Amino acid sequence: MSDAKTAGTATLTVDGQTVELPILEGTEGPKVIDVRKLYSQTGMFTYDPSYTSTASCDSALTYIDGEVGILRHGGYTIEQLAGESSFLEVCYLLLHRELPDAATLQDFEHTITYHSMIHEQMRNLYSGFRRDAHPMAVMIGVVGAMSAFYHDSTDINDPQQRLIASHRLIAKMPTIAAWAYKYSVGQPFLYPRNDLSYSENFLRMTFGVPAEEYVPSPAIVDAMDKIFILHADHEQNASTSTVRLAGSSGANPFACIAAGIATLWGPAHGGANQAVLEMLDQIGHKDNIPEFLERAKDKDDPFRLMGFGHRVYKNYDPRAGVLKKSADAVLEELGVDDDPLLELAMELEKIALEDPYFVDRKLFPNVDFYSGIILKAIGFPTSMFTVLFALARTAGWIAQWKEMIEDPDQRIGRPRQLYLGSTERNYVSPDKR
Ligand code: CMC
């Protein structure tokens with residue numbers, strides 16, 4: 001909290017008692033009312049179950065203005081980063097809050113490259129899973145198990161160990177993720193190669209086989225790297241908040257990232273890109289779009305238009321803008337302009353963008369709508385979509401975890417509640433109830 005300026009006070013009158021609450025101001029974005037002393041002053045908590053109006057921490061990594069459609073890391077717009085930077089450079093930016101100079105970037109790339117192998121005994125973990133296990137289940141297990149293999153980077157109080165853990169997580173995720181895929185299709189695991197870039201390496205470990213050389217097209221490598229950049233961090237979303245909360249107890253970083261992966265899995269968060277493709281399958285044909293749009297509007301029907309809407313972006317998702325262009329390039333490169341599912345996606349986008357229900361509620365296609373389309377075109381099975389999100393978001397998770405641990409004011413996170421259960425009553429034995 002050291003860098004937040006005080007910008008006045010808010011006055012709250014409750015039960016005839018008046019308290020002054022400091023208003024704090026960051027460098028940009030809404031001011032916050034500091035309620036940390038509210039309980040000691042009034043005996044009351046604030047109530048905000050889905051954190052709609054609550055800033056859970058302060059952070060210097062990522063700035064979002066959802067009304068305007070802005071996403072910036074360290075002050076750099078996501079459009080510039082996706083257009084001119086690389087995923088590893090963005091990882092460095094998130095970890096160190098400054099862009100590296102050329103020599104530092106080279107060193108960082110070297111460090112990540114030389115941490116990309118995983119402990120050979122970790123291979124055995126995969127064979128413990130069913131072949132048809134969801135790869136996210138495998139990711140939670142294998143990443144959590146890193147705590148059991150890298151003891152020399154689990155002391156959260158040692159800055160060097162924290163940095164090594166961060167490097168290990170970013171470096172090993174492509175290997176762990178690609179092996180989750182290889183295991184599901186029954187193909188041999190490929191080891192990383194140090195002459196390839198981060199994204200090339202991941203594509204080769206996923207789609208290559210030992211029998212022949214695998215050379216991905218530059219357009220696909222570029223799209224992959226962009227998808228990683230666009231998913232790298234997104235301030236205090238559900239999975240990042242989970243990583244912070246897990247980390248606030250002093251848990252080791254590998255365990256915290258496994259908790260983040262679990263949270264990301266849900267269809268309202270990272271699982272949405274898989275849900276988009278499943279929804280397109282369900283709609284089946286563009287003639288059925290009106291029927292499904294009506295279902296999406298019906299509050300009694302659980303069907304929602306997956307890949308539309310966002311908790312924070314109420315204008316447009318800037319990541320979606322970047323990926324829409326990338327989707328066009330990838331589809332052209334792969335010559336899949338006549339895929340009926342992709343055609344259906346484009347038609348759905350057009351119709352929903354003109355429908356008053358979606359226009360009035362500012363429900364625009366989000367990043368998952370386009371990433372789902374690109375990933376399908378590249379050849380990833382839908383079950384791998386969320387895994388790719390987890391791979392990229394590891395950069396943000398670990399950077400946010402590190403920022404939290406390095407904050408001298410950091411304490412365990414402990415929300416309170418509004419209790420609605422029974423008041424005290426006497427225990428009655430089962431035979432007398
Ligand atoms: N289809 C139909 N109606 C919707 C949708 C949708 N996808 N999203 C929101 N609405 C309606 C919602 O019913 C509500 O209507 P009303 O005002 O009449 O009650 C209104 O729009 C406002 O939505 P909300 O539910 O208050 O918004 P939220 O912030 O609670 O939910 C969301 C955000 C992303 C969970 C939701 O939009 C959704 O479920 N979208 C589909 C899933 C999806 O694509 N998720 C990926 C998010 S981007 C990736 C990430 O950051 O993880």
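Counting starts at 1 for both ligands and their atoms, in listed order. What's counted below: heavy atoms across the whole structure, side chains too, no hydrogens, waters or symmetry copies. Quantities reported herein were computed from a predicted structural model and do not represent experimental measurements.
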Under-4.0 Å protein heavy-atom contact, [atom]:
atom: atom 42 (C) of ligand 1; value: yes
atom: atom 15 (O) of ligand 1; value: yes
atom: atom 25 (O) of ligand 1; value: no
atom: atom 7 (N) of ligand 1; value: yes
atom: atom 39 (O) of ligand 1; value: no

I want to check a possible cation-pi pair here: R123 against F189, using under 6.0 Å from ring centre and within 45° of the ring axis as the test.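 No, a cation-pi geometry is absent between R123 and F189.
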If you draw the axis of the six-membered ring of F358, does the NZ or CZ of R361 fall within 45° of it and under 6.0 Å from the ring centre?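 Not flagged: R361 not positioned over aromatic ring of F358.
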Could you tell me whether [X] and ligand 1 have an N or O pair separated by under 3.5 Å?
X: V367; value: no
X: L305; value: yes
X: H310; value: yes

Give the atom numbers and elements of ligand 1 that come within less than 4.0 Å of a heavy atom of [X].
X: N366; answer: 43 (C), 44 (O), 46 (C), 47 (C), 48 (S)
X: G307; answer: 43 (C), 44 (O)
X: K314; answer: 29 (O)
X: D368; answer: 46 (C), 48 (S), 49 (C)
X: A296; answer: 2 (C), 3 (N)

Heavy-atom closest contact (I398 atom, I257 atom, distance):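 That closest heavy-atom pairing would be N-CD1, 4.0 Å.
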For Y126 and I176, which heavy atoms make the closest approach, and how far apart are they?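 Here Y126 and I176 meet closest at OH-O, 2.9 Å.
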Side-chain touch K182/M205, heavy atoms, less than 4.5 angstrom: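 SC-SC contact between K182 and M205 ruled out.
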Would a 4.5 Å heavy-atom cut-off, applied to side chains only, mark Y39 and T46 as touching?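 No, side chains not in contact.
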What do you reckon, does N237 put a non-hydrogen atom under 4.0 Å from ligand 1?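 No, N237 has no heavy atom closer than 4.0 Å to ligand 1.
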Per the salt bridge (Lys or Arg N to Asp or Glu O under 4.0 Å) rule, what does the pair list look like for residues 308-323, sequence neighbours excluded?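 Residue pairs passing salt bridge (Lys or Arg N to Asp or Glu O under 4.0 Å), neighbours aside: D317-R319.
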Protein heavy atom at shortest distance from [atom]:
atom: atom 3 (N) of ligand 1; answer: Y357 OH, 3.0 Å
atom: atom 36 (C) of ligand 1; answer: F308 O, 4.4 Å
atom: atom 20 (C) of ligand 1; answer: R361 CD, 3.7 Å
atom: atom 52 (O) of ligand 1; answer: H269 ND1, 2.5 Å

Less than 4.0 Å between a side-chain N and a carboxylate O, is that true for [Y] and [X]?
X: E403; Y: R244; answer: yes
X: E406; Y: K402; answer: yes
X: D355; Y: K297; answer: yes

Side-chain donor/acceptor pairs under 3.5 Å, residues 258-271, sequence neighbours excluded:
{"from": "T263", "atom 1": "OG1", "to": "T242", "atom 2": "OG1", "distance (Å)": "3.1"}
{"from": "T263", "atom 1": "OG1", "to": "A259", "atom 2": "O", "distance (Å)": "3.0"}
{"from": "H269", "atom 1": "NE2", "to": "N237", "atom 2": "OD1", "distance (Å)": "3.4"}
{"from": "H269", "atom 1": "NE2", "to": "S239", "atom 2": "N", "distance (Å)": "3.2"}
{"from": "H269", "atom 1": "NE2", "to": "S239", "atom 2": "OG", "distance (Å)": "2.9"}

Does atom CD1 of I70 have more than 12 heavy-atom neighbours, drawn from other residues, nucleotides or ligands, at distances under 6.0 Å?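 Check passes, neighbour count above 12.
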To the nearest 0.5 Å, what is the distance between SG (C91) and CD1 (I112)?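 C91 SG to I112 CD1: 7.0 Å, rounded to 0.5 Å.
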Of the backbone atoms (N, CA, C, O) and the side-chain heavy atoms from C-beta on, which set of [X] has a member under 4.0 Å from an atom of ligand 1: side chain, backbone, both, or neither?
X: K299; value: side chain
X: M279; value: neither
X: L363; value: side chain

